[in-house]
Amino acid sequence: MLLLKKTGDLRQYLDKKMKEGLSIGFVPTMGALHKGHISLIESSKKDNSITVCSLFVNPKQFNDPKDFEKYPVTIEKDIYLLESAGCDVLFIPSVEEIYPEGNTQQKKYDLGYLETIFEGKYRPGHFQGVCMVMHRLLEIVKPHNLYLGQKDYQQCMVIKKLIELENLKINVVIGNTLRENDGLAMSSRNMRLNEPERKQAVKISETLSFIKKEIKPGYIGDLKERALQYLTAENFKVDYAEIATADTLRILENWDGKQPVVALVAAYLNEVRLIDNMLLN
Ligand code: AMP
């Protein structure tokens, strides 16, 4: 595996591969890798000749500076995992490499409704930061195929919107959420949970499974309320426990039994904020 830190070096390598007609798959990450990330690398390897993974903890998408400071960093293990998975190139840029102009030039991405709900509402500025880094990374890597995880459901929609807004010709492939044996969605943030918190954390995916089992056509407000009350009683500080249309993320109070729907939860366990989601039909 090639390990590159400079944009120029990466471009030189990829230009050569593209001239040879090879397809490029790209898996952007913030490191602290787990099997969920690796599953995206594996998908990319199946579809492309060259798989590029980036590892960059983007300061601009952390609305909470404490969350940024405490974001886990496990670079040596990440390199080992990527190399074992057969990743071709690992790009680890510095902040200056990604944002050479510093803090000044902030473009506003018109994400519309998507930015007003769920993660957009509870993490102001977060999706602008995501778009900023993704736009930059996509310009640098110029992949044919981009691999994202359903774990970050709304982020997938935001990045698709960014690709549309910027007229980029990139195909997006969304990978299933990989889970621990008890159902907890794999996440870099799980490393920050202590033992009792780790046991407690599974209640988020249990709540999503409960919603999936119980949802019936008609009024669904009471089901959402039960989910919220359960998590609150279990000591979560819940940002949202909602059911929304799977394609547009409109919050639903009534369901016709046919429309594709997704349940989404974001909740704090003490200091650690966890998110998860499940398609319900
Ligand atoms: P992150 O490093 O958390 O920014 O995640 C990098 C990519 O991995 C994103 O596209 C995530 O949606 C995806 N990802 C994170 N957790 C999982 C998971 N448990 N299963 C599959 N993909 C995931």
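Computed from a predicted model, the values in this text were never measured in an experiment. Read the numbers this way: they start at 1 and go in the same order the structure lists the ligands and their atoms.
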Check the pair Tyr147, Glu42 against side-chain hydrogen bond (donor to acceptor under 3.5 Å, both in side chains), reporting the backbone distance first and the verdict last. CA-CA 10 Å; Tyr147 295 81; Glu42 284 164 356; over 6 Å; no
Write out the residue and atom name of the closest protein heavy atom to [atom], then the distance separating them to 0.1 Å.
atom                    : result
atom 17 (C) of ligand 1 : His34 CE1, 3.6 Å
atom 4 (O) of ligand 1  : Met30 CG, 3.7 Å
atom 20 (N) of ligand 1 : Leu178 N, 2.8 Å
atom 6 (C) of ligand 1  : Pro28 O, 3.3 Å
atom 1 (P) of ligand 1  : His37 NE2, 3.6 Å
atom 10 (O) of ligand 1 : Gly149 N, 2.9 Å

Could you measure the distance from the NZ atom of Lys5 to the CZ atom of Phe91? Nearest 0.5 Å is fine. 11.5 Å
About how many Å separate CD1 of Ile211 and CZ of Arg226, when rounded to the nearest 0.5 Å?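 One gets 10.0 Å once the value is rounded to the nearest 0.5 Å.
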What atoms of ligand 1 come within less than 4.0 Å of a heavy atom belonging to [X]?
X      : answer
Leu148 : 10 (O)
Gly36  : 18 (C), 20 (N), 21 (C), 22 (N)
Met186 : 16 (N), 17 (C), 18 (C), 19 (N)

Answer with yes or no whether the side chains of [Y] and [X] bring together a donor and an acceptor at under 3.5 Å.
X      : Y      : result
Asn145 : Asp47  : no
Glu119 : Tyr240 : yes
Asn235 : Gln200 : no
Glu97  : Thr7   : yes

Does the Lys NZ or Arg CZ of Lys203 fall within the cation-pi geometry relative to Phe236 - under 6.0 Å from the ring centre and within 45° of the axis? no
Any N or O of [X] closer than 3.5 Å to N or O of ligand 1:
X      : result
Thr29  : no
Ala185 : no
Gly175 : no
Asp152 : yes

For ligand 1, is any non-hydrogen atom under 4.0 Å from Lys151's backbone (N, CA, C, O), its side chain (CB onward), both, or neither?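 For Lys151, the contact with ligand 1 is made by the side chain alone.
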Parallel, tilted or perpendicular: rings of Tyr71 and Phe62 (30°, 60°):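 Aromatic pair Phe62/Tyr71 classed perpendicular.
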Yes or no: does Tyr71 have any heavy atom under 4.0 Å from an atom of ligand 1?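 Tyr71 counts as a contact of ligand 1 under the 4.0 Å cut-off.
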Do side-chain atoms of Asn194 reach the backbone of Glu197 as a donor and acceptor pair under 3.5 angstrom?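 Checking the backbone N and O of Glu197 against the side chain of Asn194, a donor-acceptor pair under 3.5 Å is found.
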Can you check which of Asn176, Leu33, Ile159, Leu40 brings a heavy atom nearest to atom 21 (C) of ligand 1?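 The residue whose heavy atom sits nearest atom 21 (C) of ligand 1 is Asn176.
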